Student: 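One structure coming up, written as structure tokens, with questions to follow.
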Amino acid sequence: MRNVYYIAKKDFYQYFIKPATISWGIIFPIVFAMAFIIRGKGINFLAPGLIAIAAFFGATSMASTSITFERRFKEFERLILAPLKFWEIVLGKVIGSFTFGLFVSFITAFITLPFLGLYIRDPILLTLAIILSNISFSSMGVFIALIVKDPRNIMIVINSIRLPMLFLSGVFIPLSESPAILQLLSLFMPLTYAVELLRFSFTYMTFFPLWLSLIMTFAWFFIFTILSIRALEIKY
Amino acid sequence: MIIARNLTKYYDNFLAVDHINFHVKKGEIFGFLGPNGAGKTTTVRMLSCLTKISEGEAYINGYSVRDEKVMVKKSIGVVQDVANLFGDLTVRQNLNFMAELYHVDKKRVNEVIKQFELPADKKFSKLSFGFKKRATLAAAVLHEPPVLFLDEPTVGLDVKSSRAMQKLIIELNKEGHTIFLTTHNMAIAEKLSHRLVIINRGKIVAEGTPQELKSMFTKVLKIEVTVNKVRREILEELRDFHPRAQGNTIIFSARSFQDFLDAFYPVARKYSVVVLSMNSSGANIEDVFLEVTK
């Protein structure tokens, strides 16, 4: 696990203030969510979604930025050349972006939202939800960044996955009000379960049972991590 | 130290490396020459676990490249054809990170910075190309691997940096590193390598010491020796080399420069002839390269 820590530490130091991380990871989700708040949905409904997209964009942006930069300039191959197991590289990358996502979403949850007069019912569950969401989003970002053929296209690819997910995962429109087909689609979105978990910590009311969201959020992390390791095994 | 048996790489249907075999001995500088696209970099990438082997086997320091990747990676240091340390980190941060990954004492970082005369606190991306290459080489030797892969280490360097790099390569070899050197610079390959392999279109087309390769492909060498005084006895004793005197210059023909020297100097000493200059024209490694890759 020491190697995982070294990679995460290096990534955090190196990519925390990259323009792509800042713009896509912090500014975009906040501006996007604020736009919806202004358009009328109440802050009480949107708050969990705001935290979820802060985590979603923060963690995935950091993962994609770090891996994309390193793949483009062949720096990533320094990690492959080092005597590391593939799981150490994947987890190192996941934890580096997880830390960034955690930072962004904690600021959103515990500093920004109380200023908007929001009451957090279950801070412990909220903390757990933020941690689990970030870890699943980071692993998703790492997986996408590893499998994209041309690293220069990462933002096109990742945004064509992230943006539809925003509208299908109950961030802005409650799943209970969505058509059945969208409800079915939402089952396959990691963001859905993160939003559900976060919403529970604010309102105790969710579309899916709490246990399912907890298991699925962790399951997505597991699935993306295994797929990322497999992607490295196939390539190297 | 490095063994390749039927090493092969396919990229879809394209055969990039075609069942090559070679054996690099401990302590050697092994030159791996070839024109662009011959399969040099692909071979290095296979041996350093950066590209999967399609067919065949390779062993480094006794470990299988296919099955014992982590042990292989501990045994090698690699300088790729691009200088690819982390651009946003300083040289010291890069080396510290590598020291962490290879579990090397941080004191070693200072040693390497001193040995390679690196600007420790400058960001890697801000270094000149020559220093980038040096820093990449420094990172490759940080964990003191027995085997070094240097892929075109002098490409893009000016004369001064290239010479400094060559000096470093010789020093590293003297320190005990076995060096696998790929290059298409014939002069450097000839100067540095103990043995050479020439690869063309994925196949090995020639192998041997620089001298062996040159003599293998040399038809006739023309050697011009200017002496203080031409003596008839010298012309007679060295008649096997078909001497022709032109003023104070004697022109010899030989198949091997070394054989000529072995025969010439005892005779010159015997007749107290002083050699003022000696020139030979004939095959060098570049000629051999052109011959076998045409």
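Since we're looking at a predicted model, the values are computed, not measured. In the text below, chain A, chain B and the rest are named by the order of the sequence lines, each starting its count at 1. Excluded from the calculations below are hydrogen atoms, water molecules and symmetry mates; all remaining heavy atoms, backbone and side chain alike, are included.
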Student: Relative to chain B, which segment of A/Phe73 carries a heavy atom at a distance below 4.5 Å: side chain, backbone, both, or neither?
Tutor: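 Contact with chain B involves the backbone of A/Phe73 alone.
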Student: Closest approach of A/Pro83 and B/Lys74, non-hydrogen atoms and distance?
Tutor: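 Closest pair (atom of A/Pro83, atom of B/Lys74, distance): CB-CG, 3.6 Å.
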Student: Within the supplied structure, the quantity of interest is the number of heavy atoms (other residues, nucleotides, ligands) at a distance under 6.0 Å from B/Lys106 NZ; does it exceed 12?
Tutor: yes
Student: Using a 4.5 Å cut-off on heavy atoms from C-beta on, say whether the side chain of B/Asn84 contacts that of A/Arg78.
Tutor: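 Answer yes - side chains close enough.
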Student: Rounded to the nearest 0.5 Å, what separation is found between the OH atom of A/Tyr6 and the CE atom of B/Met98?
Tutor: 14.0 Å
Student: Could you check which of B/Met71, B/Gln93, B/His143 has the highest count of heavy-atom pairs closer than 4.5 Å to chain A?
Tutor: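 Heavy-atom pairs under 4.5 Å are most numerous for B/Gln93.
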Student: Just so I know, are the side chains of A/Leu79 and B/Leu101 near enough to count as touching, which here means a heavy-atom distance under 4.5 Å?
Tutor: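 A side-chain contact exists here, since the closest heavy-atom pair is under 4.5 Å.
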Student: Counting heavy-atom pairs under 4.5 Å to chain B, which of A/Glu70, A/Lys10, A/Lys85 comes out on top?
Tutor: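 Between A/Glu70, A/Lys10, A/Lys85, the count favours A/Lys10.
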Student: Listed by residue number, which members of residues 228-236 of chain A have a heavy atom under 4.5 Å from any heavy atom of chain B?
Tutor: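 Expected list: A/Glu233, A/Ile234, A/Lys235, A/Tyr236.
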Student: Tell me whether A/Tyr5 at atom OH has more than 12 heavy atoms from other residues, nucleotides or ligands lying less than 6.0 Å away.
Tutor: no
Student: Tell me, for B/Asn94 versus chain A, whether the close heavy atoms (under 4.5 Å) come from the side chain, the backbone, both or neither.
Tutor: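 No part of B/Asn94 comes within 4.5 Å of chain A.
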Student: For atom CZ of B/Phe129, is the number of surrounding heavy atoms from other residues, nucleotides or ligands below 6.0 Å larger than 12?
Tutor: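 Counting neighbours around CZ of B/Phe129, more than 12 heavy atoms of other residues, nucleotides or ligands fall under 6.0 Å, so yes.
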Student: About how many Å separate CD of A/Glu77 and OG of B/Ser48, when rounded to the nearest 0.5 Å?
Tutor: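 The distance works out to 8.5 Å.
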Student: Non-hydrogen atoms of chain A under 4.5 Å away: do they reach the side chain of B/Val82, the backbone, both or neither?
Tutor: side chain
Student: Out of B/Lys52, B/His103, B/Glu100, which one racks up the most heavy-atom pairs below 4.5 Å with chain A?
Tutor: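 With the most close heavy-atom pairs to chain A, the winner is B/Glu100.
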Student: Between B/Gln80 and A/Leu81, which heavy-atom pair has the shortest distance, and what is it?
Tutor: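 For B/Gln80 versus A/Leu81, the nearest heavy atoms are OE1-CD1, 3.7 Å.
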Student: Looking at B/Asn96, B/Thr136, B/Leu89, B/Thr51, which has the largest count of heavy-atom pairs under 4.5 Å with chain A?
Tutor: B/Leu89
Student: Report the distance from atom NZ of A/Lys9 to atom CZ of B/Phe97, rounding to the nearest 0.5 Å.
Tutor: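 Interatomic distance, A/Lys9 NZ to B/Phe97 CZ, rounded to 0.5 Å: 9.0 Å.
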Student: How many angstroms lie between CD1 in A/Ile80 and CZ in B/Arg45, if you round to the nearest 0.5 Å?
Tutor: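 That separation rounds to 10.0 Å.
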Student: Quick check: under 4.5 Å, non-hydrogen atoms only, which of residues 87-94 of chain A neighbour chain B?
Tutor: none
